[in-house]
There are 2 protein chains.
Amino acid sequence: MLELAILGLLKEQDLHGYELKKRLSETLGPLSSASFGSLYPALRRLEAAGALKAVEANELLVPARAVPMTGSLGGELAAFRARKPTRTSSGGRTKKVYGITTRGEELFHELLRTAGESSDDDRTFNLQLAFARHLDREARLGMLERRRAQLVERLTKARTAIRTGRDRLDMYTSSLMEHGTETTERDISWLDRLIAAEKRQEDQQ
Amino acid sequence: MLELAILGLLKEQDLHGYELKKRLSETLGPLSSASFGSLYPALRRLEAAGALKAVEANELLVPARAVPMTGSLGGELAAFRARKPTRTSSGGRTKKVYGITTRGEELFHELLRTAGESSDDDRTFNLQLAFARHLDREARLGMLERRRAQLVERLTKARTAIRTGRDRLDMYTSSLMEHGTETTERDISWLDRLIAAEKRQEDQQ
DNA sequence: GCTCCGATGTATCGAGTCGATATATCGACC
DNA sequence: GGTCGATATATCGACTCGATACATCGGAGC
């Protein structure tokens, strides 16, 4: 769900593709990554869906030297158009800054609520949690409980797999599975702390 | 690296697609998953590369009732050919059992050694470890150390991201990152135990 | 000044994966 | 006899990744 990440970041601030990519890999760290090969198509998809609009197409090709003091807008435009053909095809230093639309905000909340309902993908949940502040307490609690249930199920299956494959499993595989279940247990405890904190705040209102 | 998982499973036993899928999602659990949409193309790729060969195309369409006692092989074949066209296109209960070739064994070891050299993908490493028993101690130690280095780097980046984004981060995101770094720390400790065990055995020889 | 390099920036391509779906058979249960 | 769920192979469209192409800018070094 790259769309969710894009919309979430653009909700806070208008950004262009390259900057978006940097924030995805730095700020959101390994929670989302994403490459240009998926980012730019995603931006076009979202723009086509009316969730984004190109706020500003900042042509950095505009020379630094001052434009003649005629104040003529026509001259500006002519110069702009004249420069365009120098770009043989795509690319270059042209910035395309995107902003989120009302439709985009709606889509964002839609994705934030429903993503991860089917599919217990870790990265999707991380992304949802990273933007959980945009949800009301009830939806947030629902999301956390749903995730908890998924992890409990995963734990059950993992334990069954360990019990079933006893003896057949070599040292490395069993160590891997053991460590995996411990990690899942800790994830559940962590979720429980988040849920408890959420309910505490609910009571205090 | 679905190929690695397939080759690893077929190294132990000849299997057909559906059974392979079951083992991938049950035995190897959430370490690998894989869907039919990637499994069958992968099988065809491996077969085309000469890493696998179809050991047995078990036509379950063969009727259970005994063939007339003529002992005529020609009759058998004719009946077999006659039944074929009843399958309009693909699918059905026909089993195609695959076996690994010498070329496949080579490819397996190649993948086992080199996979995960670039890209610190968790699932790839898990898969490598699950088949680590097929490597010699030296290669195994190298693999573990390489993974350790990747996790340490990930930890450093994560800590920098937390320090950099202090204050700007809301409660949910910081909790997520905190929990992420703790998990990575535990992964490193676990790796250290595996490395230590490996070196202990090395000494005892 | 000049040139080369690395960061900035948009974009596409091929290959691989997923989830959904189509097709078909089998055994079991009512 | 008829439906249902498991077994089985296969493809489709949508999405993602990593590599690559193209293009410009700023600075470091000569």
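First the proteins, then the strands, lettered A, B, ... as listed; each starts at 1.
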Identify whether any heavy atom of A:Gly37 sits under 4.0 Å from a base atom; if not, whether one sits that close to sugar-phosphate; answer base, sugar-phosphate or nothing. base

So, for B:Ala161 and A:Glu26, which heavy atoms are closest and what is the spacing to 0.1 Å? CB-O, 4.0 Å

What's A:Ala42 touching, base or sugar-phosphate or nothing? Going by heavy atoms closer than 4.0 Å. nothing

Go through B:Asp122 and B:Arg154 one step at a time and tell me if the salt bridge (Lys or Arg N to Asp or Glu O under 4.0 Å) criterion holds. CA-CA 12 Å; B:Asp122 292 3; B:Arg154 188 190 292 187; 2.8 Å; yes

Ranking D:dC15, C:dT12, D:dT11 by distance to the side chain of A:Phe36, first place goes to C:dT12

Contact summary for A:Ala5 and A:Leu127, nearest pair of heavy atoms: CB-CD2, 3.8 Å

Given D:dT9, is OP1 or OP2 found less than 4.0 Å from the side-chain N or O atoms of B:Lys96? no

Identify which nucleotide among D:dT7, C:dT12, D:dG18 has an atom closest to any side-chain atom of A:Ser35, counting heavy atoms from C-beta outward. D:dG18

Find which nucleotide of DNA chain C each of A:His16 and B:Leu2 is nearest to by heavy atoms, and output the residue with the more 5' nucleotide. A:His16

Rounded to the nearest 0.5 Å, how far does CZ of B:Phe131 lie from NE2 of B:His109? 11.5 Å

By the 4.0 Å heavy-atom rule, please label A:Lys21 as base, sugar-phosphate, or nothing. nothing

The side chain of B:Pro41 is closest to which nucleotide in this list: C:dA7, C:dG16, D:dT11? D:dT11

Selection from C:dG9, D:dA10, C:dG16 that lies nearest to any side-chain heavy atom of A:Tyr18: C:dG9

At under 4.0 Å between heavy atoms, what does A:Arg123 touch on the DNA or RNA strands: base, sugar-phosphate, or nothing? nothing

Side chain of B:Ala34: nearest nucleotide among D:dA10, D:dA8, C:dC18? C:dC18

If you check every side-chain atom of B:Arg44, which of C:dT8, D:dT11, D:dT7 has the closest atom? D:dT11

Whole-Å distance separating the NZ atom of A:Lys22 from the P atom of C:dA7: 11 Å

When the nearest nucleotide of DNA chain D is assigned to B:Ser38 and to A:Leu39 on a heavy-atom basis, which residue is associated with the more 5' position? B:Ser38

